[in-house]
Amino acid sequence: MSQAPEILVRVDRAVKHYFRGSECVEVLHEVNLEIERGDFVGLIGPSGSGKTTLLNLIAGLDQPTSGHIFFAGNEISAMNESQLARWRTNAVGFVFQFFHLIPVLTAFENVELPLLLTNMSARRRRDHVRMVLKAVGLDHREHHRPGQLSGGEQQRVGIARALVTDPALIVADEPTGDLDSKKSKEILDLLQMLQEELHKTLLVVTHDPNVAGRTRRLLRIDSGRLIEDRCDANRPLPLRRAAPVAVSSNSAGLVDQPG
Ligand SMILES: Nc1ncnc2c1ncn2[C@@H]1O[C@H](COP(=O)(O)OP(=O)(O)OP(=O)(O)O)[C@@H](O)[C@H]1O
Ligand SMILES: [Mg+2]
């Protein structure tokens, strides 16, 4: 049975201005974009072209100056700060270039952090954390602190932390930027697993051609405009089915979705 593609993210004429002193600089010019649920999308472009700015709008870390951002049909650009923060906790997982792990916390505790923002019981938090650490192949490292892990392992902890609330969308800004090529490949294999087996939607900003080459769809931005949009038609979107790691947001008892 075929499934019609579902638009998870819709960016409608998004403009972003910043002020530098009294000068107004437009860094995104009327960007239009739709991302299907379950896709693995790369975003490339020169430094300063607006990649992080666009990612931040889609992930609800920032609001457009004008235009609209929709997620699963809900307009996130119309939400206030607290609604947006609640929405982010449920909907988006973040993976960063420098991992952003807390050095004094163990791998387990770092992954548990996003769940502390929810009303999940300690026992269920423990089960969820162990499940995602296992999914990224780090169940034997749960008591290690970041300083006792390799760079690749630290990024896997970062990915487990992004995954632990079972978000539909995972965004990553230069996830392999601080890793050598072997560790980058491990992280790429893991990101692809998130898409193919756990049916996550991935949006990955990158300068790394190896990352760009692994995505299903590749967007190029230059001077705040999307100038190229390529899709690998030979790679259909994975069919949605029950995920092997059953981290369901319903069973997770997460905070309510706004609206
Ligand atoms: N808070 C801000 N205030 C003013 N200007 C900003 C701000 N954030 C970003 N900019 C400017 O917006 C432009 C786009 O920045 P952005 O961070 O999106 O680029 P990028 O494509 O991610 O670059 P890089 O590859 O170097 O990370 C840049 O010219 C940047 O200086
Ligand atoms: Mg950037």
Side-chain angles (χ1 to χ4, degrees), residues 8-35 39-71 76-77 79-81 84-85 88 91-101 151 154-155 158-159 161-162 167 169-181 183-184 187-188 190-191 194 200-231:
L8 184 68
V9 174
R10 187 156 75 84
V11 178
D12 177 26
R13 288 168 295 151
V15 171
K16 185 69 187 175
H17 292 162
Y18 286 115
F19 279 93
R20 286 190 198 124
S22 58
E23 187 198 1
C24 176
V25 186
E26 189 166 301
V27 297
L28 290 180
H29 312 282
E30 299 225 343
V31 171
N32 292 302
L33 172 66
E34 288 183 342
I35 296 177
D39 211 346
F40 184 177
V41 181
L43 179 59
I44 57 173
S47 184
S49 55
K51 301 181 298 296
T52 298
T53 304
L54 179 57
L55 184 95
N56 288 349
L57 296 185
I58 290 172
L61 285 174
D62 201 0
Q63 294 283 30
T65 309
S66 66
H68 310 273
I69 316 280
F70 297 89
F71 184 93
I76 62 167
S77 48
M79 292 180 187
N80 63 32
E81 261 310 310
L84 203 56
R88 271 198 311 266
V92 191
F94 294 87
V95 179
F96 303 96
Q97 174 174 358
F98 300 112
F99 324 137
H100 289 196
L101 303 177
Q154 288 183 52
Q155 190 57 302
I159 290 173
R161 181 187 51 193
L169 176 67
I170 294 194
V171 297
D173 203 341
E174 300 280 4
T176 61
D178 210 37
L179 297 173
D180 64 33
S181 60
K183 299 209 172 69
S184 295
I187 294 303
L188 274 170
L190 191 53
L191 291 175
L194 299 187
K200 299 299 173 192
T201 308
L202 267 64
L203 176 60
V204 180
V205 163
T206 189
H207 286 285
D208 181 344
N210 292 321
V211 179
R214 289 280 284 271
T215 61
R216 180 180 171 277
R217 182 179 175 196
L218 191 61
L219 306 167
R220 186 186 300 275
I221 190 169
D222 197 2
S223 304
R225 289 190 169 83
L226 287 177
I227 58 164
E228 196 180 340
D229 184 353
R230 273 190 283 145
C231 186

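Bear in mind that the values here come from a model prediction, so they are computed numbers and not experimental data. Heads up: numbering here begins at 1 and tracks the sequence. When a ligand or atom number is given, it counts from 1 through the structure's own listing order.
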K.L.:
I want to confirm something. Looking only at heavy atoms, which of N56, D173, L57, V27 is nearest to atom 13 (C) of ligand 1?
P.N.:
V27
K.L.:
Starting from atom 25 (O) of ligand 1, find the nearest protein heavy-atom neighbour and note its residue, name and distance.
P.N.:
K51 NZ, 2.7 Å
K.L.:
Counting only heavy atoms, which portion of E174 has something under 4.0 Å from ligand 1: side chain, backbone, both, or neither?
P.N.:
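Under 4.0 Å from ligand 1, E174 contributes no heavy atoms.
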K.L.:
Between T206, T53, L43, V25, flag the one that comes closest to atom 16 (P) of ligand 1 by a heavy atom.
P.N.:
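Selected option, by shortest heavy-atom distance: T53.
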K.L.:
Between R10 and I69, is the side chain to side chain contact (heavy atoms under 4.5 Å, CB included) condition met? List the steps.
P.N.:
CA-CA 6 Å; R10 187 156 75 84; I69 316 280; over 6 Å; no
K.L.:
Under the side chain to side chain contact (heavy atoms under 4.5 Å, CB included) criterion, do L188 and N210 qualify, and how do the steps go?
P.N.:
CA-CA 9 Å; L188 274 170; N210 292 321; 4.2 Å; yes
K.L.:
Would you mind telling me which of D62, T53, N56 makes a side-chain hydrogen bond (donor to acceptor under 3.5 Å, both in side chains) with K16?
P.N.:
D62
K.L.:
Which heavy atom of the protein is the closest neighbour of atom 30 (C) of ligand 1, given with residue, atom name and distance?
P.N.:
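Of every protein heavy atom, R20 NH2, 3.7 Å lies nearest to atom 30 (C) of ligand 1.
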K.L.:
Take E174 and V211, measure what side chain to side chain contact (heavy atoms under 4.5 Å, CB included) needs, and give me the verdict at the end.
P.N.:
CA-CA 9 Å; E174 300 280 4; V211 179; over 6 Å; no
K.L.:
Out of all atoms in ligand 1, which are within 4.0 Å of some heavy atom of H207? Include the element for each.
P.N.:
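By the 4.0 Å cutoff, the relevant atoms are 25 (O).
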K.L.:
For G224 and ligand 1, answer yes if some heavy atom of the residue is under 4.0 Å from a ligand atom, otherwise no.
P.N.:
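Contact absent.
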K.L.:
Students should be able to answer this: which protein heavy-atom is nearest to atom 22 (O) of ligand 1, and at what distance?
P.N.:
T52 OG1, 2.8 Å
K.L.:
Quick test: of every protein heavy atom, which one is nearest to atom 1 (N) of ligand 1, and how far off is it to 0.1 Å?
P.N.:
Y18 CE2, 3.5 Å
K.L.:
Answer whether the closest heavy-atom distance between the side chains of N32 and R13 falls below 4.5 Å.
P.N.:
yes
K.L.:
Using side chain to side chain contact (heavy atoms under 4.5 Å, CB included), reason through L43 and L226 one step at a time and then give a plain yes or no.
P.N.:
CA-CA 9 Å; L43 179 59; L226 287 177; 4.2 Å; yes
K.L.:
Under 4.0 Å from a heavy atom of P46: give me the atoms of ligand 1 that qualify, with their elements.
P.N.:
21 (O)
K.L.:
Please identify which of these residues, V9, L28, T65, meets the side-chain contact (heavy atoms from CB on, under 4.5 Å) condition with L57.
P.N.:
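Only match with L57 under side-chain contact (heavy atoms from CB on, under 4.5 Å): L28.
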K.L.:
If we only consider heavy atoms of G48, is any one of them less than 4.0 Å away from an atom in ligand 1?
P.N.:
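Yes, that is the case, since the closest heavy atom of the residue is under 4.0 Å from the ligand.
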K.L.:
Any idea which heavy atoms bring F99 and Q154 closest together, and the distance?
P.N.:
CD1-OE1, 3.4 Å
K.L.:
Please list, in number order, the atoms of ligand 1 under 4.0 Å from a heavy atom of S49.
P.N.:
19 (O), 21 (O)
K.L.:
Just so I know, are the side chains of I159 and L194 near enough to count as touching, which here means a heavy-atom distance under 4.5 Å?
P.N.:
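Heavy-atom side-chain distance check passes, below 4.5 Å.
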K.L.:
Can a donor-acceptor pair be found, under 3.5 Å and without considering hydrogens, that links the side chain of K51 to the backbone of P46?
P.N.:
yes
K.L.:
Within a strict 4.5 Å, meaning less than it, do heavy atoms of the L101 and R161 side chains meet?
P.N.:
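Side-chain contact under 4.5 Å: yes.
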K.L.:
Return the number of protein N, O or S atoms with a distance to the Mg ion (ligand 2) smaller than 2.8 Å.
P.N.:
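Number of qualifying protein atoms: 1.
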K.L.:
So, applying side-chain contact (heavy atoms from CB on, under 4.5 Å) with F40, which one of L191, L218, L203 is it?
P.N.:
L191
K.L.:
Where is the nearest protein heavy atom to atom 26 (O) of ligand 1: which residue, which atom, and how far?
P.N.:
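Looking only at protein heavy atoms, the one closest to atom 26 (O) of ligand 1 is S47 OG, 2.5 Å.
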